[in-house]
Amino acid sequence: MKGNMSIEIVDVIDTSTVFAELSHPHSGGICVFLGAVREFTDNEEVLSLEFETYKIMALKEMKKIAVEASEKWKLNKVIIRHAVGAKNVEEPVVIVGASSAHREACFIACRYLIDTLKERVPIWKKEIFKNKSVWVSAHP
Amino acid sequence: MKGNMSIEIVDVIDTSTVFAELSHPHSGGICVFLGAVREFTDNEEVLSLEFETYKIMALKEMKKIAVEASEKWKLNKVIIRHAVGAKNVEEPVVIVGASSAHREACFIACRYLIDTLKERVPIWKKEIFKNKSVWVSAHP
Amino acid sequence: MEILLFGIAKDIVGKSSFRFDADDLVPTSVSELKDRLKGSFPEFGKLSSLAVAVNSAYAEDSDRLREGDEIAIIPPVSGG
Amino acid sequence: MEILLFGIAKDIVGKSSFRFDADDLVPTSVSELKDRLKGSFPEFGKLSSLAVAVNSAYAEDSDRLREGDEIAIIPPVSGG
């Protein structure tokens with residue numbers, strides 16, 4: 001399985017190749033989730049987001065998550081890719097995906113990849129509004 | 001919502017544009033499922049699949065499914081696209097996707113789109129093996 | 001009255017459509033059409049399911065058939 | 001002993017890393033490090049959570065810190 005994982009932190013996410021990357025002769029299903037910058041948070045207009053990471057640890061955690069998913073479900077390929085730097089509205093921020101023989105496994109694995117990434121991977125997002133900026137989730 | 005639906009039956013599915021098509025300034029999440037031809041069914045090697053459809057009805061049913069999903073969950077964009085004709089191993093057969101403010105809605109809607117398409121849309125798949133061909137699901 | 005055939009239904013009948021002519025006993029309901037099909041082609045009775053579409057929407061067994069309707073036999077679907 | 005800082009932790013301290021020198025009281029455990037941070041910078045006490053990574057893996061409060069470890073303060077993560 002490990003040769004069939006792609007774990008990366010990149011400046012820009014290219015969405016055009018992801019299905020080809022997840023394709024596998026034994027996979028009848030491919031599920032992909034893409035997270036993008038939304039224009040509004042709590043009705044306030046977001047100008048952009050800025051992502052920073054503790055890269056060496058983030059890559060290790062992303063790899064652990066991909067391995068966990070592969071142990072829980074029979075997956076043929078897994079992708080976890082996160083962007084860093086400044087991102088504008090509609091730009092992709094994260095893409096995760098899995099391919100499997102049948103659709104059940106790739107759907108549930110894809111959901112696990114993004115949920116667990118958000119819980120554990122050391123990446124921080126700052127929302128830039130017109131008159132302020134906020135580190136997301138920093139305070140209760 | 002209706003202007004934000006793309007419902008098509010095509011000869012070849014182009015996966016490279018689907019995330020751009022589902023992008024929306026109010027969407028923080030995009031979930032896409034792609035179904036592809038698998039090499040084996042019950043351990044028997046599949047050479048190719050052939051899809052045929054009752055096109056006018058298939059498009060109507062696909063549209064009903066997209067409308068139902070949009071009524072059940074708050075979606076900004078929906079795609080349902082199915083291929084017809086002969087398809088080889090790893091070629092895409094169907095792609096469905098939805099975008100929404102948060103990830104919960106697009107995941108559950110995407111699953112609904114593919115599950116319901118498989119139940120209701122008049123499209124028929126023939127598996128071509130070395131020495132026989134079988135209309136899938138025709139017999140109990 | 002013309003009946004469209006798809007998938008395995010086309011293979012069973014050996015063509016992609018057929019007609020009931022005015023001098024045939026033209027079926028007047030979906031259930032009558034299904035019974036006539038199963039009578040003429042027993043293979044229809046062996047399918048996992050058998051549906052009929054009238055004017056490109058699924059019809060109930062009790063629905064009436066009228067001359068001019070677009071009628072199609074829908075064997076078990078297997079898209080995706 | 002060098003401590004790496006990210007996200008809001010960097011803003012609170014005002015730089016991306018700092019050192020405990022040999023003539024400081026160098027913290028010997030994760031919990032001691034957290035207490036020292038909260039003592040010097042009360043803003044750390046107001047965060048939703050505060051974690052420490054040792055050699056780029058999450059550490060428990062009871063884990064020991066050794067000279068040469070790569071130590072990082074992990075404020076609440078918000079990737080995705």
Practice task
Check the pair B/F33, B/L113 against side chain to side chain contact (heavy atoms under 4.5 Å, CB included), reporting the backbone distance first and the verdict last.
Solution key: CA-CA 9 Å; B/F33 174 81; B/L113 295 175; over 6 Å; no
Handout entry: Pair B/K126-B/E50, salt bridge (Lys or Arg N to Asp or Glu O under 4.0 Å): steps then yes or no
Key = CA-CA 5 Å; B/K126 195 196 263 188; B/E50 274 181 37; 5.1 Å; no
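Close approach to chain B, defined as a heavy atom under 4.5 Å from one of its heavy atoms, is seen in C/I74, C/P75, C/P76, C/V77, C/S78, C/G79, C/G80 of residues 73-80 of chain C, taken by number. Residues of residues 45-63 of chain C lying under 4.5 angstrom from chain B, judged on non-hydrogen atoms, are C/K46, C/L47, C/S48, C/A53, C/N55, C/S56, C/A57, C/Y58 in numerical order.
Heavy atoms closer than 4.5 Å to chain C are found in both the backbone and the side chain of B/V136. Looking at B/H139, both its backbone and its side chain come within 4.5 Å of chain C, counting heavy atoms on both sides. Interface remark: B/F51 contributes side-chain atoms only to the contact with chain C (heavy atom separation under 4.5 Å). With a 4.5 angstrom heavy-atom cutoff, B/K60 touches chain C only via side-chain atoms. Heavy atoms of B/E119 lying under 4.5 Å from chain C belong exclusively to its backbone.
Highest contact tally toward chain C, considering only B/G35, B/S137, B/A58, is held by B/S137 [criterion: heavy-atom pairs under 4.5 Å].
For B/E68 and B/T116, the side-chain atoms include no donor-acceptor pair closer than 3.5 Å.
Closest of all the heavy-atom pairs between B/F19 and B/I30 is CD2-CG2, 3.7 Å. Here the closest non-hydrogen pair linking B/A101 and B/N76 is N-ND2, 3.9 Å. Of all non-hydrogen atoms in B/E61 and B/V121, the two that sit nearest each other are CB-CG2, 4.1 Å. Heavy-atom minimum distance, B/S100 versus B/K74: CB-O, 3.5 Å. B/D11 approaches B/A83 most closely through the heavy-atom pair O-CB, 4.0 Å. Summarising the geometry of B/S133 relative to B/I128, their closest heavy-atom pair is CB-CD1, 3.8 Å, with the distance given to 0.1 Å.
Taking 4.5 Å as the limit, every side-chain heavy atom of B/E45 sits out of range of all side-chain heavy atoms of B/F129. Residues B/V78 and B/N4 are not in side-chain contact: their nearest non-hydrogen atoms beyond the backbone lie 4.5 Å or more apart.
The aromatic rings of B/W124 and C/F6 lie parallel to each other, with less than 30° between the two planes, well short of the 60° mark.
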